[in-house]
Amino acid sequence: MADDETTKDTAPAPDPAEHNAFFPSPYSLSQYTAPKTDFDGLSTDEKYAGGRWKVLTIATEERYMPMRNGTFFSTGNHPVETLLPLHHMLEVGYEVDVATITGGPGKFEWWAYPSADEAVASAWKATEDAFRAPLRLSDAIADGLDDYAAIFIPGGHGAMNAIPFDTDVQAALDFALDNERLIVSLCHGPAALLAGGLGREENPFAGYSITAFPDSLDFGPNIEIGYLPGEMPWPLGATLTKEGLTIVNDSMSGQTTRDRNLLTGDSPLAANQLGKDAVAALLEAFGD
């Protein structure tokens with residue numbers, strides 16, 4: 001009976017909205033989610049009051065990741081990885097816009113929402129309308145990105161679906177690199193950096209060091225405990241490494257890294273610190 005219960009608890013849970021699609025197993029959620037984050041207050045009393053600089057969040061609008069075994073993983077952006085860093089940026093005074101590739105609503109992994117976390121709830125209240133009716137990324141680019149101090153690409157496996165293969169994402173990242181703006185990302189969000197190399201002999205992020213979610217977990221324990229219903233279509237870390245980036249972490253510990261104007265974190269455990277890192281970088285370079 002115990003073995004049967006273990007098998008049941010680690011079985012990915014069916015998502016009734018799509019054929020052969022699955023949420024993470026109950027057991028995996030007990031290991032990876034919690035009602036509260038590690039938010040321990042803002043890192044500074046300093047406020048941005050200049051009225052110009054904003055943060056552009058590029059969210060995923062595709063929920064389902066096709067796995068190698070023919071299943072779909074019901075995913076999206078991770079709410080902690082998205083909303084906790086944004087809370088830090090919002091509270092210091094930076095306005096936040098949200099864009100998706102086509103302008104469709106952003107998708108979240110709501111099964112990971114920390115229901116008792118006030119910081120995450122505050123950020124969701126401030127940005128819900130923007131995620132439900134985001135900008136079309138090409139329109140944001142056409143209107144001009146001059147007032148954006150940073151581009152934020154949150155994690156969640158959904159960030160691997162379309163964002164890394166989109167030329168508008170490439171254009172936004174090019175703008176950030178060419179104009180010394182910040183790029184902030186974590187967990188699976190750094191998949192977006194692959195867009196930098198589309199149609200080019202070399203990815204402009206080659207030579208950068210980052211933190212990201214480890215392949216060893218996605219292709220090992222995450223399958224064993226039923227967080228994922230099968231192997232992902234491609235490995236995040238190995239693909240970024242092939243593009244010339246260096247991943248400095250091999251575990252999920254909450255590590256963050258800054259290389260030039262690129263700030264990254266390894267997982268939801270890094271969301272709080274990455275928000276603090278982003279605020280420090282924003283105030284330093286875009287505080288006036």
Side-chain angles (χ1 to χ4, degrees), residues 32-59 77-98 108 112-114 116-127 130-131 148-156 159 176 180-190 192-193 208-214 247-249 251-288:
Y32 275 162
T33 64
K36 287 190 175 183
T37 70
D38 63 343
F39 178 72
D40 56 356
L42 302 177
S43 59
T44 179
D45 293 329
E46 188 177 351
K47 299 291 184 182
Y48 169 66
R52 174 189 177 184
W53 296 114
K54 301 187 290 184
V55 174
L56 179 63
T57 300
I58 300 178
N77 283 130
H78 193 288
V80 173
E81 296 170 12
T82 307
L83 297 172
L84 190 50
L86 285 178
H87 178 70
H88 284 278
M89 293 182 258
L90 286 162
E91 289 299 304
V92 170
Y94 292 95
E95 184 180 339
V96 171
D97 288 341
V98 178
F108 279 92
Y113 187 87
D117 195 274
E118 294 181 3
V120 169
S122 174
W124 176 238
K125 182 178 180 180
T127 59
F131 278 102
Y148 291 108
I151 294 175
F152 174 47
I153 306 161
E180 298 186 350
R181 306 300 163 86
L182 302 174
I183 300 170
V184 183
S185 190
L186 72 166
C187 202
H188 295 83
L193 303 178
Y208 278 73
S209 294
I210 65 168
T211 47
F213 195 84
I247 298 178
V248 300
N249 63 300
S251 64
M252 182 180 70
S253 65
Q255 183 175 349
T256 64
T257 299
R258 179 174 182 177
D259 187 342
R260 287 156 275 188
N261 284 331
L262 177 60
L263 291 75
T264 53
D266 68 13
S267 68
L269 300 178
N272 188 44
Q273 185 59 50
L274 186 65
K276 295 178 181 181
D277 294 348
V279 162
L282 282 165
L283 289 172
E284 179 183 18
F286 304 97
D288 297 326

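These numbers come from the heavy atoms of this one structure, side chains and all, not from hydrogens, waters or symmetry mates. Here the structure is a predicted model, which means the values were calculated and not measured.
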* **Side-chain donor/acceptor of Asp266 to backbone N/O of Cys187, under 3.5 Å** => no

* Non-hydrogen side-chain atoms of Leu269 and Ser253 separated by less than 4.5 Å -> no

* Could you tell me the separation between the CG atom of Leu263 and the CG atom of Leu274, rounded to the nearest 0.5 Å? => 6.5 Å

* Asked: Residues in ring-ring contact (aromatic ring centres under 6.0 Å, His included) with His188, at least two apart?
  -> His157, Phe213

* Check side chain to side chain donor-acceptor pair (under 3.5 Å) between Thr211 and all other residues, then give those that pass, not counting sequence neighbours. => Thr264

* Side-chain (Asn77) to main-chain (Ala59) donor-acceptor, under 3.5 angstrom -> no

* To do: Not counting sequence neighbours, list each pair that qualifies as a ring-ring contact (aromatic ring centres under 6.0 Å, His included) and has a residue in residues 268-288.
  => Trp53-Phe286

* Structure fact -> For Ala280, the side-chain contact (heavy atoms from CB on, under 4.5 Å) test, sequence neighbours excluded, returns none

* Asked: Nearest 0.5 Å, what's the OG1-CG distance between Thr57 and Leu86?
  -> 4.5 Å

* Partners meeting side chain to side chain donor-acceptor pair (under 3.5 Å) with Gln273 (sequence neighbours left out) -> Asp277

* To do: Please report the closest heavy-atom contact between Asn249 and Pro214, naming both atoms and the distance.
  => ND2-CG, 4.1 Å

* To do: Check the pair Ile183 / Tyr208 against side chain to side chain contact (heavy atoms under 4.5 Å, CB included), numbers first and verdict last.
  => CA-CA 12 Å; Ile183 300 170; Tyr208 278 73; over 6 Å; no

* Listed once per pair and sorted, the side chain to side chain donor-acceptor pair (under 3.5 Å) pairs that draw on residues 84-98, sequence neighbours left out -> Lys54-Asp97, His88-Asn272, Asp97-Tyr148

* Structure fact -> For Asp40, the salt bridge (Lys or Arg N to Asp or Glu O under 4.0 Å) test, sequence neighbours excluded, returns Lys276

* Structure fact -> When every non-hydrogen atom of Met89 is compared with those of Ala278, the smallest separation belongs to SD-CB, 4.2 Å

* Which atom of Arg258 lies closest to which atom of Arg260, heavy atoms considered -> NE-O, 2.7 Å

* To do: Run the numbers on Ile210 and Ile247 for side chain to side chain contact (heavy atoms under 4.5 Å, CB included), then give the verdict.
  => CA-CA 5 Å; Ile210 65 168; Ile247 298 178; 4.0 Å; yes

* Under the side chain to side chain donor-acceptor pair (under 3.5 Å) test, residues paired with Tyr32 that sit two or more places apart -> Asn222

* **For Thr82, side chain to side chain donor-acceptor pair (under 3.5 Å) partners two or more places apart** => none

* Would you give the length of the straight line joining atom CH2 of Trp124 to atom OH of Tyr113, rounded to the nearest 0.5 angstrom? => 8.0 Å

* Structure fact -> Separation between NE2 (His78) and CG (Leu83), nearest 0.5 Å, reads 10.5 Å

* Side-chain contact, heavy-atom cut-off 4.5 Å: Leu282 with Val92? -> no

* Scan for salt bridge (charged side-chain N to carboxylate O under 4.0 Å, His left out) pairs involving residues 44-53, sequence neighbours excluded, and state none if there are none. => Arg52-Asp147

* Considering all heavy atoms, the nearest Ser185-Ile153 contact -> OG-O, 2.7 Å

* Partners meeting side-chain contact (heavy atoms from CB on, under 4.5 Å) with Pro114 (sequence neighbours left out) -> Thr37, Val80, Asp117, Val120

* Looking only at heavy atoms, which two atoms of Thr33 and Ala112 are closest? And how far apart? -> CG2-CA, 3.8 Å

* Taking C-beta and beyond as the side chain, do Leu262 and Leu193 meet within less than 4.5 Å on heavy atoms? -> yes

* Asked: Stepwise, does the side chain to side chain contact (heavy atoms under 4.5 Å, CB included) test hold for Glu180 with Asn261?
  -> CA-CA 7 Å; Glu180 298 186 350; Asn261 284 331; 3.9 Å; yes

* Structure fact -> Between Gly265 and Ala270 the two heavy atoms that sit nearest each other are CA-CB, 3.8 Å

* Can you list every pair that meets salt bridge (charged side-chain N to carboxylate O under 4.0 Å, His left out) and has a residue in residues 77-88, with sequence neighbours left out? -> none

